[in-house]
Amino acid sequence: MNLVVLACAIGLLGAVGAKSSGGGGWHERFITDSQGRALILYGLNTSSSAKTSADGMPWIKQGDVTGEYNTLGTDFVRFLIQWSDVEPEPGVYDDHYLAEVKQRVDWYQAQGYQVLLDMHQDVYGAAVGGNGAPAWATDSGGLAADKQSPWEMTYVQPGVTHAFDEFWGTQPGHPEYRQHYVAAWTHVASYFAKNGTVLGYDVMNEPWGGSLQGPAFETGPLAHLYQQVIDAVRTVDPDHWIFVEPAAATADHGLPSALPKLDDPRTATAGDEARIGYAPHLYPAPMDSGGTYTGTDAYLADRTMASWQTQVQRTAARMDAPVLMGEWGLDATQDGAHLYVDHVQTLLDSMMIGSAYWSSDPGSWSPWAAPGKPSGIAPVLATAYPRAIAGQPVDFSYDKSTLELAVDWNDKAGVTGSTDVYLPPGDFPDGGDIQLNGAYKQKWDAGRHILSLTVKPTPGVTHHLVITPTTPGANSPSIG
Ligand code: 9MR
């Protein structure tokens, strides 16, 4: 969301001095699977097309999900859903729509993915020029809400501000809107509570406070709504992850967030760990506006990335939440795009976090030039990474110049299963050579390009794995 300009215009930048609690330990929190393994989630957003399609479904067919795995080796999708589709009339839920969502979830399940359901909104809802909220929950106050270019500027149309103010309670007219939002989430969560392919829920895409901005918004109505959704979802779904986003117009650009720590009721039961995640987006201004990654644009993007890392770590530490970058992307046809993708991947690895690239919609931002036809950025997005780490991750990196994937981890009590890494066929056409400082068993799935390593516990010693492409004919322990 390119709203730095807007943020300046409303005098917001001077007000966002969120204090970090210092604290720490966020990097010790990971999104885990049922075996306790740390999951590194890597995938796409699917999709912008769902915002306006007649049935609320994205453009993909099942074959596109298969193609996505075969081309990119991803293990994750941030799947867009909309409040207007879930609850088309007040209190009336469309379970046919949820069944259609479930069918897509099944397609991802067949390819071994995790699915994050993202309650998407841009510019509040269709009745004021955006998408997300149903018309019946949109009160523009009769004020103008004309679509602007770039689209983000529509956020400051008076009718849009009014609609947000009515939702957040800054205007007192419609407290029931938020109650409906909470209840709609509860319905979605009860529908998917037992679904093992669904990772969890992204409570609201790119929140915007209307006339209430900065820490007053994030610590006020935004945090309050998040807590209400968390509490309500936990009454029907004790286990899935619940992700929250900061106010996007500032945080997307590396500015601070004031989001407070949220309480997960599951911690009160039998010592279960909280499953609240922090899911900010990254859009340096040049990328957001479709620019290049060259010269001063690249300089600005790099500064934004450095600041983003600092701010995200502070917020995640305060929230004691693992991090998932819910969106990042750029017009991949612009100069330097492949380097930007490379640099974001390096940032993600250095923070040991996953991400969802924006987006799968075929076109200039996408790994697809057309459905089923990879674009120039697809081979750059197809990278080597650990999908699951059977212990406490210490470090991982993929050096694209030497094609060396390194993963370090420690044993962790209660964690079972293998450490799984994805080795893209473009970089590892003949498989990989393994170096590991200890005994292990390996399984190479040549069809899916996944290497699974089960190691012998080594108390007090970090497992250190390095994989490099096998050289045909070389006499070394290899896979593939
Ligand atoms: O890429 C999307 C663009 O085509 C749409 O016009 C716009 C409004 O619906 O949304 C864009 O996608 C944005 C997403 O919804 C939220 N994060 C930023 C994305 C890129 O601008």
Side-chain angles (χ1 to χ4, degrees), residues 1-7 43-54 56-60 77-85 116-134 138 145-157 160 163-164 202-209 243-255 257 279-291 293 301 304 308 324-334 337 340-341 344 355-369 375 377:
M1 183 196 281
N2 187 2
L3 286 173
V4 159
V5 178
L6 302 181
L44 304 176
N45 277 274
T46 293
S47 69
S48 204
S49 65
K51 297 171 188 174
T52 48
S53 66
M57 289 300 116
W59 64 275
I60 54 160
V77 62
R78 179 171 178 261
F79 189 93
L80 276 68
I81 60 173
Q82 290 191 108
W83 182 18
S84 57
D85 292 312
L116 175 64
L117 298 177
D118 153 45
M119 196 72 90
H120 208 85
Q121 73 81 33
D122 300 297
V123 193
Y124 194 74
V128 286
N131 54 80
T138 306
D146 301 323
K147 284 196 184 188
Q148 304 291 307
S149 181
W151 67 269
E152 293 99 327
M153 294 301 288
T154 316
Y155 267 105
V156 287
Q157 284 284 290
V160 176
F164 274 107
D202 189 338
V203 178
M204 182 183 285
N205 178 67
E206 299 191 346
W208 170 252
F243 289 87
V244 296
E245 302 187 24
T250 39
D252 286 11
H253 298 272
L255 292 165
S257 167
H281 299 176
L282 170 67
Y283 284 109
M287 277 63 251
D288 205 5
S289 54
Y293 186 67
T304 301
W308 189 93
L324 178 62
M325 188 191 277
E327 284 186 26
W328 63 286
L330 83 168
D331 179 343
T333 63
Q334 296 287 346
Y340 178 69
V341 170
V344 176
S355 75
Y357 179 85
W358 184 272
S359 67
S360 75
D361 300 86
S364 60
W365 282 54
S366 174
W368 313 117
S375 69
I377 207 66

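Start at 1 and go down the list; that is how both ligands and their atoms are numbered. Computed from a prediction, not measured in an experiment: that's the story for all the values here. Computed from heavy atoms alone, side chains included, the values below leave out hydrogens, waters and symmetry copies.
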Margin query: Could you check whether any side-chain heavy atom of Tyr357 comes within less than 4.5 Å of a side-chain heavy atom of Pro367, counting everything from C-beta outward?
Written below: yes
Next item on the list: State the NE2-CG distance between His281 and Asp288, to the nearest 0.5 angstrom.
Entry: 11.5 Å
Next item on the list: Check each heavy atom of Trp358 against ligand 1 and say whether those closer than 4.0 Å belong to the side chain, the backbone, both or neither.
Entry: side chain
Next item on the list: List every atom of ligand 1 that sits less than 4.0 Å from any heavy atom of Ser48, numbering the atoms from 1 in the order shown and giving each element.
Entry: 2 (C)
Check: Any heavy atom of Trp365 sitting closer than 4.0 Å to ligand 1?
Finding: no
Checklist line | Proximal candidate to atom 7 (C) of ligand 1 [heavy atom criterion; set Trp151, Trp328, Tyr283] | finding: Trp151
Notebook entry, point to check: For atom 15 (O) of ligand 1, which of Lys51, Gln121, His281 has the closest heavy atom?
Noted result: Lys51
Checklist line | Contact atoms of ligand 1, heavy-atom distance to Asn131 under 4.0 Å | finding: 9 (O)
Checklist line | Distance-only N or O hit between ligand 1 and Glu152, under 3.5 Å | finding: no
Check: Would you call the rings of His120 and Trp358 parallel, tilted or perpendicular if under 30° counts as parallel and over 60° as perpendicular?
Finding: parallel
Checklist line | Residues forming a salt bridge (charged side-chain N to carboxylate O under 4.0 Å, His left out) with Asp122, sequence neighbours excluded | finding: Lys51
Note to self: I need the Leu330 CG to Ser289 OG distance, nearest 0.5 Å.
What the structure shows: 10.5 Å
Next item on the list: Could you list which atoms of ligand 1 come closer than 4.0 Å to a heavy atom of Glu206?
Entry: 16 (C), 17 (N), 18 (C)
Next item on the list: Could I get the full list of side chain to side chain contact (heavy atoms under 4.5 Å, CB included) partners for Gln157, not counting sequence neighbours?
Entry: Ala144, Asp146, Gln148, Thr154, Val160
